[in-house]
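Heads up: the structure comes next, in structure tokens.
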Amino acid sequence: MSQLKVYNSLSRQKEVFESITPGHVGMYVCGPTVSGESHLGHARPFITFDIVNRYLKYLGYKVRYVRNITDAGHFEEEGREAEDKISKKAVLEKLEPMELVQKYTNLFHWAMNQFNNEEPSIEPTATGHIVEQIVMIEKIIDDEYAYVANGSVYFDVEKYNDDFSKLGLPYGMLSGRVLDDQLDSTRELDNQDEKRNKADFALWKNAPPEHIMRWKSPWGYGFPGWHIECSAMSTKYLGKQFDIHGGGMDLQFPHHECEIAQSTVCNHVTPARYWLHNNMITINGKKMGKSYNNVIKLSELFSGNHPLLSQAFSAMTIRFFILQTQYRSPLDFSSDALHAAEKGLKRLWEACEVLQNFSIADWELDAEKVDKELDEKVNRLLGEFEDFMNDDLNTAKVLANMFELVPVINSIKDKHQPADVLSKQTLLLLQQKMKIFTEEVLGLKSELSGDHTKLNGVLEVLIDLRKQAKVRKDYVTSDAIRNQLLTLGIVLKDEKNGSMSYTYN
RNA sequence: GGUCCUGUGGCCGAGUGGUUAGGCAGAGCUCUGCAAAAGCUUCCACACCAGUUCGAAUCUGGUCGGGACCUCCA
């Protein structure tokens, strides 16, 4: 079997993945900022890195997956006026930050659950790690890579770059930026600015009393800068150097660049060996984001309540839609594309269920009748599952292979060809690998919710009545049963062998 | 303006220098009381120009188009 290779943003090429500690992987992924409801664009990184987590586990690694919750900073609820945050009025009239944080954290967890994303091993919050962040900032100040100004602390990017470039670790190494170019292109220095240099970034921000989220620090009351939380938490839970750091491409600069600088100063080693970045979801070619006013919230997708949506889409449809594209490619959203994904997923999933219902072990198969060419093809298609995943997690190609296996499964089910065309060994392998890869690696699951036992019983009764009607050639009755069930979203199918099956839409 | 990425058939998308991606939609056929489903077959492609090469959607250069990021945003 091939080795796992991942595209490392640091080197801009695919590299063989080797963990620092054999058998173990430490992975840090930038989590959501819980000041608003998650949208479709947010779904991608968390599904992408869920796949990374799942596949590493499939390969036998023990994974510590850390994904933070950004709940510090100055927040406003979506749609609420900015005046809230500077209100000096009664406590209950003010926006209580933890209300927001709790509300959107709950919503986020609900969405992750809908997508069948596995829970991270640790989900630390920024507000829960203020102490660690302060300690880290103090260390950076002691080493003279940061300075205090008006109760805020800034990282001295130029000094860092001068010193660390000599070690081959210039500021900008991840995003491919050259600091001097940036300084040149952003010349106009603001006199009122506390920063010595335009490229410097905040480690700690001074916050006046009217600011509703603030903590005491050696530099006065304030709140931590955005970048330091990830450095503090990844170091605490994964060590000074860990294996994988993930996130959306839009975080590469400045967020991840700054993390590298901070952590490198504190820990004397670059934080992560492999930096993985997923591409954006676009809508009519534009990144989905607040500033573009083209956001589709997850709740709107699930309900279909949005002008751009022709219908509601399930979380699994969205997961499948995302997995049909390699994670480093941009993915363009449209209602039509999602609709196509929905139909494709249904077809794939039904074939998987059919396959799992085969009692292959009990089958008597004639080894003489095996179609060698087909048998080899099936084995090849299955063997490539790992090869494609190993090639930078190409879920799109794995799914394409699965779709090539669908006709093989269906034609055996419908007796278009006998099960003998495949050897028993191949059939068992097919059953086993399809199950593991769809459910465990790709994380797809049936969307039937609740207990359908009684409903299934009722359907059996109706099917029995319909069979009797068909025997009488009473097609009016048999069609009525089928058509009326259809209006309820239950599809009856007459199978080749005279039985009837049903699916819920 | 700077840095980087990208342009594939009606739609979404994969892609290695030479061979079918795959899904959805379309067409035909088989099966069927009729459907649905399924199976088989099939149409449609690589932005443009030039170069490298025996051969390029895949490499190089140019043109045009699209996108991301460019530091306090969260």
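If you measure from atom CG of A/L374 to atom P of B/C40, you get 10 Å, rounded to the nearest angstrom. Taking atom CZ of A/F201 as the reference point, atom P of B/C70 lies 15 Å away to the nearest angstrom. Atom C1' of nucleotide B/G13 and atom CZ of A/R44 are separated by 11 Å, given to the nearest angstrom. Following rounding to the nearest Å, A/L405 (CG) and B/A38 (C1') show an atom-to-atom distance of 16 Å. Protein atom CZ of A/R214 is 20 Å distant from nucleotide atom C1' of B/A74, rounded to whole Å. Taking atom CD of A/Q252 as the reference point, atom C1' of B/U71 lies 15 Å away to the nearest angstrom. Look at CG on A/L355: it is 16 Å from P on B/A38, rounded to the nearest Å. At whole-Å resolution of the value, NE2 in A/H255 and P in B/C70 are 13 Å apart.
Base pairing annotation: B/C46 forms no Watson-Crick or G-U wobble pair, as no partner gives both donor-acceptor distances under 3.5 Å. When both distances must be under 3.5 Å, the Watson-Crick or G-U wobble mate of B/U32 does not exist. Across the strands present, B/G55 finds no partner; the criterion is a Watson-Crick or G-U wobble pair with both atom distances under 3.5 angstrom. Under the Watson-Crick or G-U wobble criterion, with both distances below 3.5 Å, B/U3 is paired with B/A68.
A salt bridge does not link A/D387 with A/K397: none of the charged nitrogens is closer than 4.0 Å to a carboxylate oxygen. A salt bridge links A/K470 with A/D494; the closest basic N to acidic carboxylate O contact falls under 4.0 Å.
Listed pair A/T282 / B/A68 fails the phosphate criterion, with no side-chain N or O lying under 4.0 Å from OP1 or OP2. The phosphate of B/C70 (OP1 or OP2) has no side-chain N or O of A/K198 nearer than 4.0 angstrom.
Nucleotides B/C59 and B/U52 have their C1' atoms positioned 8 Å apart, rounded to a whole Å. Between B/U20 and B/A35, the two P atoms lie 35 Å apart (nearest whole Å). Straight-line distance between the P atoms of B/C29 and B/G15: roughly 37 Å, to the nearest whole Å. Taking atom P in both B/A25 and B/A36, the straight-line distance is 12 Å, to the nearest Å. Straight-line distance between the C1' atoms of B/C64 and B/C48: roughly 7 Å, to the nearest whole Å. Rounded to whole Å, the separation between the C1' atoms of B/G65 and B/A47 comes to 8 Å. The C1' atoms of B/G62 and B/G28 are separated by 45 Å, rounded to the nearest whole Å. Separation of the C1' atoms belonging to B/U6 and B/A14 is 15 Å when rounded to the nearest angstrom.
Looking at which nucleotide of RNA chain B each of A/M280 and A/D332 is closest to, the 5′-most match is held by A/D332.
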Can you check nucleotides 33-35 of chain B for protein contacts, nitrogen or oxygen pairs under 3.5 Å, and list what you find?
from  : atom 1 : to     : atom 2 : distance (Å)
B/G33 : N1     : A/D479 : OD1    : 3.0
B/G33 : N2     : A/D479 : OD2    : 2.8
B/C34 : O2     : A/R482 : NH2    : 2.7
B/C34 : N3     : A/R482 : NH1    : 3.0
B/C34 : N3     : A/R482 : NH2    : 3.3
B/C34 : N4     : A/D494 : OD2    : 2.9
B/A35 : N6     : A/D494 : OD2    : 3.4
B/A35 : N1     : A/D494 : N      : 3.4
B/A35 : N3     : A/R482 : NH1    : 2.8

Is there any protein nitrogen or oxygen under 3.5 Å from a nitrogen or oxygen in nucleotides 41-47 of chain B, and what are the pairs?
none

Can you pull every protein N or O that's under 3.5 Å from an N or O on nucleotides 4-7 of chain B?
none

Dump every N/O contact between nucleotides 19-24 of chain B and the protein below 3.5 Å, one line per pair.
none

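Of all heavy-atom pairs spanning A/M280 and A/N278, the tightest one is CE-O, 3.7 Å. Considering every non-hydrogen atom in both A/I283 and A/M288, the closest pair reads CD1-CE, 4.0 Å. Nearest heavy-atom pair across A/L276 and A/Y327 is CG-OH, 3.9 Å. Contact detail for A/M213 and A/D71: the closest heavy-atom pair is CE-O, 2.8 Å.
Exactly one residue among A/E257, A/E259, A/H255 makes a side chain to side chain donor-acceptor pair (under 3.5 Å) with A/H227. That residue is A/H255.
A/E386 CD to A/L4 CG: the interatomic distance, rounded to the nearest 0.5 Å, is 11.5 Å.
Aromatic ring orientation, A/F321 versus A/F333: perpendicular (interplanar angle above 60°, classes split at 30° and 60°).
At most 12 heavy atoms of other shown residues, nucleotides or ligands fall within 6.0 angstrom of atom NZ in A/K5. For A/K369, the NZ atom sits in a loose shell: 12 or fewer heavy atoms of surrounding residues, nucleotides or ligands are nearer than 6.0 Å.
Residues satisfying the ring-ring contact (aromatic ring centres under 6.0 Å, His included) test with A/Y7, not counting sequence neighbours, are none. Partners of A/E123 by salt bridge (Lys or Arg N to Asp or Glu O under 4.0 Å), not counting sequence neighbours, listed by chain and number: A/R67. Partners of A/N357 according to the side-chain contact (heavy atoms from CB on, under 4.5 Å) rule, which considers only residues two or more places apart in sequence or in another chain, do not exist here. Shown here are the side-chain hydrogen bond (donor to acceptor under 3.5 Å, both in side chains) partners of A/H277, two or more places apart in sequence or in another chain: A/S9, A/Q252, A/H256. Residues forming a side-chain hydrogen bond (donor to acceptor under 3.5 Å, both in side chains) with A/E350 (at least two apart in sequence, or on another chain): A/K346, A/K493.
The ring pair (Phe, Tyr, Trp, His ring centres under 6.0 Å) analysis of residues 384-418 of chain A, with sequence neighbours excluded, yields the pairs A/F385-A/F437.
Within 4.0 Å of A/E342, counting heavy atoms only, lies no atom of the nucleic acid at all.
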Just list the side-chain donor-acceptor pairs under 3.5 Å for residues 479-488 of chain A, sequence neighbours left out, or say none.
from   : atom 1 : to     : atom 2 : distance (Å)
A/N483 : ND2    : A/D479 : O      : 3.1
A/T487 : OG1    : A/Q484 : O      : 2.6

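Of the candidate nucleotides B/A74, B/A14, B/A68, B/A14 has the atom lying nearest to any side-chain atom of A/S329. Of the candidates B/A14, B/A38, B/A74, B/A74 carries the atom nearest the A/F223 side chain, counting heavy atoms from C-beta on. Taking every side-chain heavy atom of A/L331 into account, B/G13 is the closest of B/C70, B/G13, B/C72.
The base of B/C69 is paired with the side chain of A/R177 by a donor and an acceptor separated by under 3.5 Å.
The stretch residues 412-420 of chain A comes close to RNA chain B through A/D414, A/H416, each having a heavy atom under 4.0 Å from the strand.
Remark: the A/N379 side chain and the A/T426 side chain contain an N/O donor-acceptor pair separated by less than 3.5 Å.
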